[in-house]
There are 2 protein chains.
Amino acid sequence: MLTALSAVSDPVRIKLIRDLAGSADWTRSCGSFDVPVGKAALSHHFSVLRGAGLVEQRDEGPRRVNRLRREEFEERFPGLLALLLRDDGAVAAE
Amino acid sequence: MLTALSAVSDPVRIKLIRDLAGSADWTRSCGSFDVPVGKAALSHHFSVLRGAGLVEQRDEGPRRVNRLRREEFEERFPGLLALLLRDDGAVAAE
DNA sequence: GGGACTGTAAGATATCCATCGAACACTCGG
DNA sequence: CCGAGTGTTCGATGGATATCTTACAGTCCC
């Protein structure tokens with residue numbers, strides 16, 4: 001539980017989750033997100049999201065594509081994903 | 001939103017919230033919680049919870065008593081408080 | 001096979017934050 | 001007024017973590 005809450009307490013990771021939520025499963029490679037960090041940090045953030053059970057990854061040729069684990073996450077932490085996806089703009093405002 | 005999520009990503013603060021949820025409003029002074037930190041750190045944690053809008057404080061003679069702002073917090077972050085109060089033991093397990 | 005591209009791993013740095021100890025402000029009861 | 005009790009503030013410290021740079025491991029295409 002602390003793992004999930006910490007994973008979700010980062011502006012970069014929230015943006016990743018939101019972008020991922022707005023795309024179909026397995027359509028977004030790691031490099032396709034517009035976040036202001038280098039690829040090493042990005043890789044780290046995906047690792048954290050994976051560790052929290054929020055994101056699943058799969059190799060597809062040279063790229064690694066992602067999927068938001070909606071159902072699994074909802075079962076373990078009911079309402080948390082919905083909370084993150086609502087209220088757009090609240091992140092940047094703080 | 002990040003403020004609230006960060007506030008809630010700490011084992012000491014989660015314990016405070018849960019203990020507070022199990023008590024009537026304005027019945028718990030700051031020193032009445034069984035957490036393994038000194039009073040300076042405890043004061044800091046209450047400050048964070050206050051800043052996140054989760055807790056309200058009031059002076060009552062020499063003591064400072066607390067109240068969980070259930071309705072207000074539920075309105076701003078639907079489902080988050082319920083998530084924290086459910087699944088006892090999940091914090092210690094991580 | 002040699003580049004281009006994508007992502008990870010390792011090491012270094014820097015910042016944030018949880019904690020503590022000590023000093024201070026306040027209230028109450030002798 | 002003084003001491004006990006309660007909580008805050010300040011400065012310092014240590015640990016976690018977000019970030020970068022560089023180097024490496026893949027895959028694909030020419």
Side-chain angles (χ1 to χ4, degrees), chain A residues 1-20 23 25-69 84 91-92 94, chain B residues 1-20 23 25-68 84 91-94:
Chain A
M1 169 147 202
L2 275 174
T3 305
L5 289 173
S6 304
V8 132
S9 313
D10 180 281
V12 172
R13 290 194 287 265
I14 289 191
K15 172 142 184 51
L16 293 178
I17 292 169
R18 288 179 170 177
D19 284 8
L20 216 37
S23 314
D25 285 3
W26 309 123
T27 60
R28 304 292 303 263
S29 70
C30 292
S32 73
F33 296 85
D34 181 29
V35 285
V37 297
K39 55 180 187 173
L42 189 57
S43 182
H44 161 69
H45 285 304
F46 273 109
S47 161
V48 172
L49 291 176
R50 222 183 312 126
L54 243 176
V55 164
E56 191 176 2
Q57 298 186 316
R58 185 169 72 182
D59 281 346
E60 198 163 90
R63 299 179 307 153
R64 182 157 291 189
V65 289
N66 300 277
R67 169 192 163 248
L68 198 56
R69 304 183 64 189
L84 299 174
V91 174
E94 303 190 67
Chain B
M1 170 146 199
L2 276 174
T3 305
L5 289 172
S6 304
V8 132
S9 312
D10 180 282
V12 172
R13 290 195 285 266
I14 289 190
K15 171 142 184 52
L16 293 179
I17 292 168
R18 288 180 170 176
D19 284 9
L20 217 37
S23 315
D25 285 0
W26 309 123
T27 61
R28 304 292 302 266
S29 71
C30 293
S32 72
F33 296 85
D34 182 29
V35 285
V37 296
K39 56 180 185 171
L42 188 57
S43 182
H44 162 68
H45 284 305
F46 272 109
S47 163
V48 172
L49 291 176
R50 222 184 311 127
L54 244 177
V55 164
E56 190 175 3
Q57 299 186 313
R58 185 169 72 182
D59 282 345
E60 200 164 88
R63 300 179 306 151
R64 183 159 289 191
V65 290
N66 301 275
R67 168 192 165 249
L68 199 57
L84 300 174
V91 174
E94 302 191 65

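All chains are named by letter (A, B, ...) in the order of the sequence lines, taking the proteins before the strands, and each is independently numbered beginning at 1. None of these values were measured; they are calculated from a predicted model.
Ion pair B/Glu60/B/Arg58 flagged as a salt bridge, since at least one NZ, NE, NH1 or NH2 atom sits closer than 4.0 Å to an Asp/Glu carboxylate oxygen.
B/Arg63 has no side-chain polar atom (N or O) that falls below the 4.0 Å cut-off from OP1 or OP2 of C/dC28. In this structure, B/Ser29 does not reach the D/dT6 phosphate: none of its side-chain N or O atoms is under 4.0 Å from OP1 or OP2.
Distance CG (A/Leu2) to P (D/dA16): 14 Å, rounded to an integer number of Å. The nearest whole Å value for the distance from the CZ atom in A/Arg64 to the P atom in D/dC28 is 13 Å. When the P atom of C/dT8 is taken as reference, atom CG of A/Leu42 falls 8 Å away, rounded to whole Å. Whole-Å rounding puts the A/Arg13 CZ to D/dT17 C1' distance at 9 Å. For the pair B/Lys39 NZ and C/dC20 C1', the interatomic distance rounds to 12 Å; values are reported in whole Å. What separates CZ of B/Arg58 from P of C/dT27 is a distance of 16 Å, to the nearest Å. Taking atom CG of residue A/Asp59 and atom P of nucleotide D/dG26, one finds them 11 Å apart after rounding to whole Å. We find that NE2 of B/His44 is positioned 6 Å from C1' of C/dC17, with the value rounded to whole Å.
Of the two residues contacting DNA chain D, namely A/Glu60 and B/Phe46, the nearest-nucleotide position lying further toward the 5' end is that of B/Phe46. Where A/Gly61 and A/Ala41 each meet DNA chain D at their nearest nucleotide, the meeting point lying more 5' is that of A/Ala41. Position along DNA chain C of the nearest nucleotide to A/Asn66 versus B/Gly38 favours A/Asn66 as the more 5'-ward residue.
Within 6.0 Å of CZ on B/Arg50 lie more than 12 heavy atoms contributed by other residues, nucleotides or ligands.
When the nucleotides D/dC20, D/dT9, C/dG7 are ranked by their closest atom to the side chain of A/Cys30, C/dG7 comes out on top. Residue B/Ala40 has its side chain nearest to C/dC20 when only C/dT8, D/dC28, C/dC20 are considered.
Residue contacts shown for A/Gln57 are limited to sugar-phosphate atoms, with no base heavy atom under 4.0 Å away. Within 4.0 Å of A/Ser47, counting heavy atoms only, lies no atom of the nucleic acid at all.
Taking each heavy atom of B/Ile17 and B/Leu68 in turn, the nearest pair found is O-CD2, 4.1 Å. Nearest heavy-atom pair across A/Arg18 and A/Leu84 is NE-O, 2.8 Å.
In this structure, A/Leu20 CG and A/Thr27 OG1 are separated by 7.5 Å, a value rounded to the nearest 0.5 Å.
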